[in-house]
Each structure stands twice: as structure tokens, then as C-alpha cells.
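Structure first, commentary second.
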Amino acid sequence: MSFSNQNRKGQCFKNRKFIKIEIFERNLMMFYDRYGSVFKTHVLGCPCVMISSPEAAKFVLVTKSHLFKPTFPASKERMLGKQAIFFHQGDYHAKLRKLVLRAFMPESIRNMVPDIESIAQDSLRSWEGTMINTYQEMKTYTFNVALLSIFGKDEVLYREDLKRCYYILEKGYNSMPVNLPGTLFHKSMKARKELSQILARILSERRQNGSSHNDLLGSFMGDKEELTDEQIADNIIGVIFAARDTTASVMSWILKYLAENPNVLEAVTEEQMAIRKDKEEGESLTWGDTKKMPLTSRVIQETLRVASILSFTFREAVEDVEYEGYLIPKGWKVLPLFRNIHHSADIFSNPGKFDPSRFEVAPKPNTFMPFGNGTHSCPGNELAKLEMSIMIHHLTTKYSWSIVGASDGIQYGPFALPQNGLPIVLARKPEIEV
Ligand code: HEM
């Protein structure tokens, strides 16, 4: 049997040249209701198999991951760089993954707590008393933490130059790949070139100094079979891309859900105050403190589930693959739909409700995949959770915030975002004895 002629078909996107991602995302849940957990459709004329069952997602992402390669638009590949981790399978991917995981495993990031904390405190101070666009400001926070994880404490030396170039580069991520003077894509490619030059300079300074570093750049440079400068640059730009907007988007949803659920906010604040209680004024958080935040961590999990900011991912069958009697022909796209799994009433009761207590019991295997699953799952998930916990600690113990304007809508930029990036006013709480 083949999906192409035997399976139910939902061909709404046929003949549409351009498709707005939000329309696509909204329709995914509807498709699920109509066609079931595995069905075929067309996106921009390409045949795609949509997957909303935990078992089928595991088949594609874990058990038979070698038969499904990641696939991205050509423009993204050119912007991030062809040699970035996302685009590869096999030995080169495994080597990069080992180096990235080495820099982001708990043992490596535990020493970053005081530096992340001071980035969080600086950010919060700069937002005090003004109306801010939560998403935009969180992007600055997550950008600075990403640079810290890549360059260690040296990051402040390069922050402004890297920021200037990266901010131009990102504007072209979703542009048409037309490399003519004046186009967004052209400006982005120029900024990318400059970014590579800055990175080459940093690499050369480090080689001259000869000192070793525990950050991501140190991990890339320390590999016995050395990576080329170009491979390193592609992967550094790739990690900034993977780390920044994702975490900023989740942080924005956390602020929204906490503001809308005062009981949860109060309980989180109590949990965080209990950590402050044993500390002197101005004393830093420790790695151990960040492990004493069970409710905060359930709030993060529930936000990841409800918001499902990465609604789905793309794979392509590298050969004909059979799944449960169906044939997925070589070259067909396969999309595991994380959001549909996270919003299935068969898996999570009352799925639209924000209820962190549901995570008091661990979810069943392959039903909760905010960081993906298998070979390409997110190597930065521990860092993301750490920087979110530290921000929540300072936010709830020292500040209150209120949402400005309507907050019910969702935008895609490209990740799911609260409407208008969630404008808020942040105010310092009066000092209280703890
Ligand atoms: C809350 C924030 C984040 C979310 C929700 C998230 C989610 C994901 C997901 C779902 C994937 C797998 C995509 C796929 O299978 O196609 C992924 C991959 C990846 N993420 Fe994250 N991520 C987050 C933060 C981070 C951070 C902070 C970093 C780095 C510091 C990072 C680095 C990466 C990298 C390098 C990959 C590619 C891995 C590979 O291809 O082997 N992510 N992320």
C-alpha cells in the first residue's frame, strides 16, 4: 500500500505557491480530527506524510532515524551554513553532536550559573518601570546566554560586533533566496560573511594564546580530527540560531501563563522565595539551587507542552520505507507533528488547559517531545531549562508584571508567540524581609 493512492488524502495545499505558516499550523489540528494520526497531504506541491501518533514519531525520529534525513529550505542552509549540524546524518553528524553535547551537558554548564544570573539581573534592571516587548527583550537575554555558552566570559569582548551582524543575518532567514544588491537575502549574506570573519579572528586569537576553554568553541577547537574554520563558523551560527528565538519564545509564554494563573504564580514565587531565604543579600544562585525548583520545572514543562513552539519538524525518506503496511516512497517529506501529540486528549486530559500539576506524573514515553526525540533531539535542552529557571527566579522574587492589551492571539515568528510579542510593564516589588 502506498500513501499516494491508498491512504486518505487531504490536499488542501496543492497548487499554492506560497503558504503562510500560521494557516498551515492552525490547519494541522483540524487535519488530525479529519484524517487520523497518520495521513498524506501536499505542502507547496510536495507530497508529505503527517504523523501525530507517538509510535509513528518514534519510528521516524528514533528507531529508523537513519532512513529519514532532516530537510530544510535551501535559503536556510545558505544562511546558517551547509556544514551546520542540523543538515547532516551519519559520521559527521555524530562527531558534531558529541562536541556540542560535551559543551552543554550538566557537568559543563553548572559553572555558568553565576554568569547567566548576572545576565538575567542586568536584563531585568534594564526593563524596570517601562513597557517592554517581552519576546524582543527575551531575545537579547537568550542571545547573550548563547554567546556565553559559546565563548565563555570572553563573550562580552565580541558581543556588540556579533550582535550587529547576527541581527542583520536573521532578518533574511525567511526571505526569498535572491542574492541581488538591495534584497534582504543579499544583506543577510553580507552580514554572514562579516560574522565568519569575526569568528576567524576569535579563533586565531585563541590559537595564539594556546589556552584551553570549556565552552562550545573550546570543544570544537579541541577535537583531535580538527574541524575547519568554516565548519566551526557554520556550527556557531547554527547554535545561536537554535538557542535564541526558541528559548525567548518559551520565556514569553511562561510570563503570559503565570500572569493569567495567579495561583500558580504565587506558588512559584513561594518556591523561589524559599531559595532566597537562606541567602545573604546579593548572594549568587548555585547549580544545587536550580535543582530545588520542582514546581518551576513543571511550569516550564507545561508551557513547553501547551505552547509547543516547535509545532513539527521535517524529515525526508532516503529510501522507500514501509510503516505498518504503508509505503512511504523515497523523497517524500515526513512531518512528526509535536503539537498534535501534545494536544491529544487521549494523551493529556483537557489538553488546552494550563495545568503544571499534570507533570507530577511523568508523561508516557514518546508523548512529550518539546526538544524532539532521537538522533537530532535538542542538545541544548539542559541549558535552555537552566536559563529559564534562573530568569524565573529573579522575575518572581523581585518583580511583578502586567500584560498590556489583548493577549489571546498567537503569532508565528517563525515560532509560536503570544500576540505582539506580549507587551508588559514590569515593576520592582517593594523590598520585603524574607
Ligand atoms: C526552549 C528552547 C528550545 C527548544 C524548544 C528546542 C527544541 C529543539 C528541537 C525540537 C530540536 C530537534 C529538531 C528536529 O528533530 O528536527 C532541536 C535541535 C537542536 N537544538 Fe534546540 N531547542 C531549544 C533550545 C536550544 C538551545 C538553548 C540550544 C543550544 C545552546 C539548542 C541547540 C540545538 C541544536 C544544535 C539542535 C540540532 C541537533 C541535531 O541536529 O543533532 N536548542 N531543538
On a heavy-atom basis, which atom in I168 and which in S188 lie closest, and how many Å separate them?
O-OG, 3.3 Å

Residues at least two apart in sequence or cross-chain that pass salt bridge (charged side-chain N to carboxylate O under 4.0 Å, His left out) with R159, listed by chain then number, are E155

R339 side chain to A307 backbone, donor-acceptor under 3.5 Å:
yes

In short, I309 meets T246 closest at the heavy-atom pair CD1-O, 3.5 Å

Minimum heavy-atom separation for R206 and G218, please, with both atom names.
NH1-N, 3.5 Å

Give a yes or no on whether the backbone of V306 and the side-chain of H343 come within a donor-acceptor separation of less than 3.5 Å.
yes

Testing R97, R315, Q89 one by one against H376 for a side chain to side chain donor-acceptor pair (under 3.5 Å), which residue passes?
Q89

Could you tell me if R428 sits above the aromatic ring of Y399, with its cationic atom closer than 6.0 Å to the ring centre and no more than 45 degrees from the axis?
yes

Kindly say whether A103 contributes a backbone atom to a donor-acceptor pair with the side chain of S219 at under 3.5 angstrom?
no

Surrounding NZ of K95 (heavy atoms of other residues, nucleotides or ligands, distance under 6.0 Å), is the total greater than 12?
yes

Taking only Lys NZ, Arg NE, NH1 and NH2, and the carboxylate oxygens of Asp or Glu, determine whether E283 and R276 approach each other closer than 4.0 Å.
no

Side-chain H-bond candidate by donor/acceptor type, S196 with E230, under 3.5 Å:
no

Would you compute the distance between atom CZ of R358 and atom CD1 of I347 and round it to the nearest 0.5 angstrom?
11.5 Å

Measure from the side-chain N and O atoms of T183 to the backbone N and O of N179, and report whether any donor-acceptor pair falls under 3.5 Å.
no

Under 4.0 Å between a Lys/Arg side-chain N and an Asp/Glu carboxylate O for R164 and E160?
no

Taking I341's backbone N and O only, do any of them form a donor-acceptor pair with S344's side chain (distance below 3.5 Å, no angle check)?
no

Enter the distance from I403:CD1 to M131:CE here, rounded to the nearest 0.5 Å.
12.5 Å

Salt bridge between R305 and E302, side-chain N to carboxylate O under 4.0 Å?
yes

Testing F241, Y167, F185 for ring pair (Phe, Tyr, Trp, His ring centres under 6.0 Å) with Y173, which one passes?
F241

Are R192 and D234 ion-paired here, with the side-chain N under 4.0 Å from a carboxylate O?
yes

Write down the atom of R78, the atom of P177, and the distance for their closest heavy-atom approach.
NH1-O, 4.4 Å

Does a side-chain N-to-carboxylate-O contact under 4.0 Å join R298 and D355?
no

Spell out, as yes or no, whether a donor-acceptor pair under 3.5 Å connects the side chain of N381 to the backbone of C378.
yes

Would E128 and K398 pass as an ion pair if we require N to O under 4.0 Å?
no

Can you confirm whether more than 12 heavy atoms, excluding those of K64, are under 6.0 Å from its NZ atom?
no

At what distance, to the nearest 0.5 angstrom, does CD of E360 lie from CD of Q301?
11.0 Å

Would the number of heavy atoms belonging to other residues, nucleotides or ligands and lying under 6.0 Å from NZ of K58 be above 12?
no

CG/N261: more than 12 non-hydrogen atoms of other groups inside 6.0 Å:
yes

Output yes when a side-chain donor or acceptor of S53 lies under 3.5 Å from a complementary backbone atom of A56, and no otherwise.
yes

What is the distance from atom OG1 of T142 to atom CD of E137, rounded to the nearest 0.5 Å?
11.0 Å

Looking at T303 and V299, what are the two nearest heavy atoms and their distance?
OG1-O, 2.7 Å

Roughly how far, to the nearest 0.5 Å, is the CD1 atom of I254 from the OG1 atom of T247?
10.0 Å

Spell out, as yes or no, whether a donor-acceptor pair under 3.5 Å connects the side chain of S108 to the backbone of R102.
yes

Which pairs count as ring-ring contact (aromatic ring centres under 6.0 Å, His included) when at least one residue sits in residues 253-292, sequence neighbours excluded?
W253-Y257, Y257-F354

One pair to check against side chain to side chain contact (heavy atoms under 4.5 Å, CB included): K163 and N144. What are the steps and the verdict?
CA-CA 9 Å; K163 192 176 280 178; N144 292 342; 3.9 Å; yes

Take atom CG in N350; do more than 12 heavy atoms of anything else shown fall under 6.0 Å from it?
yes

If you compare all heavy atoms of A57 against all heavy atoms of P336, which two are closest, and at what distance to 0.1 Å?
CB-CB, 4.4 Å

For a ring-ring contact (aromatic ring centres under 6.0 Å, His included) check, start with the C-alpha distance between F368 and F359, then their side-chain angles and the critical distance, and finish with the verdict.
CA-CA 10 Å; F368 181 55; F359 282 96; 4.8 Å; yes

Would you confirm whether N133, through its side chain, and Y135, through its main-chain N or O, come within 3.5 Å as a donor-acceptor pair?
yes

Plane angle bin for F312 and F314 - parallel if under 30°, tilted between 30 and 60°, otherwise perpendicular
perpendicular

State which residues pass salt bridge (charged side-chain N to carboxylate O under 4.0 Å, His left out) with D289; sequence neighbours excluded, sorted by chain then number.
K279, K292

Any idea how F143 and Y166 line up, ring-wise: parallel (<30°), tilted (30 to 60°), or perpendicular (>60°)?
tilted

After noting the C-alpha distance and the side-chain angles of Q83 and Q231, does the key distance pass the side chain to side chain donor-acceptor pair (under 3.5 Å) rule?
CA-CA 6 Å; Q83 313 206 55; Q231 287 170 331; 3.2 Å; yes

For the pair N366 and N373, evaluate side chain to side chain donor-acceptor pair (under 3.5 Å) and give the outcome as yes or no after the intermediate values.
CA-CA 8 Å; N366 311 302; N373 202 358; 3.0 Å; yes

Would a distance-only check, ignoring hydrogens and angles, find a side-chain to backbone donor-acceptor pair under 3.5 Å from S249 to A416?
yes

